[in-house]
Amino acid sequence: MRNKWLMAVINILIVTLLYVVLSPVYDLFHYINQLFYMAYFYIFIGIIMWVIRGGFFDGITYGFRRFTSTMSRNKDYLDDWKEKPLPSQTISKSWPMFFLFHGTMLTIGLLALLFIYYKM
């Protein structure tokens, strides 16, 4: 996505649509709940991608590939397990930042609405 602010507006529209469709009562409390679900979905995905991008699972993946290649009865000699990309190489650097940015923006909106809700 080139324009991250347009995507932030689209996220707010998605939250509003979910609020209209799923909310039993139309009040600020239920809107805050929908915003929470969307914000922490983005943050969760962003953190998972950040951990993968950091190379945490590379050793595990390499070990499993090596073990499978060594212990396999039906060896595929055309399959070069050393040349396959590791999980950290499959995720570009911009994707975790995309999810973390939008999760943070939605969380800031969530905190602002919580402030308004508890001042009322």
Side-chain angles (χ1 to χ4, degrees):
M1 282 281 156
R2 293 279 179 202
N3 193 349
K4 60 185 174 184
W5 297 107
L6 177 64
M7 188 62 188
V9 170
I10 291 171
N11 284 329
I12 296 296
L13 291 174
I14 291 171
V15 168
T16 305
L17 180 68
L18 288 173
Y19 167 71
V20 169
V21 172
L22 299 175
S23 177
V25 178
Y26 297 130
D27 59 352
L28 188 57
F29 176 74
H30 288 93
Y31 189 79
I32 290 171
N33 284 342
Q34 294 298 325
L35 192 57
F36 172 81
Y37 298 141
M38 187 73 143
Y40 286 98
F41 168 76
Y42 271 104
I43 288 177
F44 179 74
I45 298 297
I47 289 174
I48 294 286
M49 291 177 115
W50 184 51
V51 168
I52 292 171
R53 176 79 179 134
F56 184 76
F57 297 107
D58 287 354
I60 297 168
T61 304
Y62 185 81
F64 274 114
R65 286 179 186 168
R66 181 177 172 198
F67 179 77
T68 304
S69 173
T70 305
M71 301 305 273
S72 176
R73 289 186 180 177
N74 301 329
K75 292 190 179 195
D76 185 8
Y77 293 104
L78 296 177
D79 183 31
D80 192 14
W81 59 272
K82 292 179 184 177
E83 297 296 323
K84 288 184 180 177
L86 294 170
S88 65
Q89 297 167 347
T90 59
I91 297 176
S92 79
K93 191 175 184 175
S94 63
W95 280 107
M97 292 302 121
F98 169 81
F99 281 100
L100 290 174
F101 172 78
H102 289 292
T104 304
M105 288 297 111
L106 291 173
T107 302
I108 290 170
L110 171 72
L111 293 174
L113 288 177
L114 280 171
F115 182 76
I116 291 169
Y117 180 75
Y118 282 112
K119 287 294 181 179
M120 293 174 95

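Just so you know, residue 1 is the first one in the sequence shown, and it goes up from there. Nothing here was measured: the structure is a model prediction, and the numbers come from that model.
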Quiz item: How about Tyr26 and Tyr19: are their ring centres within less than 6.0 Å of each other?
Solution: yes

Quiz item: Does Phe56 have its ring centroid less than 6.0 Å away from the ring centroid of Trp50?
Solution: no

Quiz prompt | Counterpart residues, side-chain hydrogen bond (donor to acceptor under 3.5 Å, both in side chains), relative to Asn33 (two or more places apart) | solution = none

Would you name the heavy atoms of [X] and [Y] that are closest together and state the gap between them?
X      : Y      : value
Ile43  : Leu100 : O-CD2, 4.1 Å
Leu18  : Gln34  : CB-OE1, 3.6 Å
His102 : Lys4   : CE1-O, 3.0 Å
Thr61  : Pro87  : OG1-CG, 3.4 Å
Pro96  : Gly46  : CB-O, 4.0 Å
Asp27  : His30  : OD1-ND1, 2.5 Å

Can you find a pair of side-chain heavy atoms, one from [X] and one from [Y], that are under 4.5 Å apart?
X     : Y      : value
Trp5  : Met105 : yes
Met7  : Phe98  : yes
Leu22 : Tyr37  : no

Exercise. Look at the rings of Tyr42 and Phe99 and say which category their plane angle falls in: under 30° parallel, 30 to 60° tilted, over 60° perpendicular.
Key: tilted

Quiz item: Between Tyr117 and Phe29, what is the ring plane arrangement, given parallel below 30°, perpendicular above 60°, and tilted in between?
Solution: tilted

Self-check item: Approximate separation, where rounding is to 0.5 Å, of Phe41 CZ and Asn11 CG
Solution: 10.0 Å

Quiz item: Rounded to the nearest 0.5 Å, what separation is found between the OH atom of Tyr40 and the CG atom of Leu106?
Solution: 10.0 Å

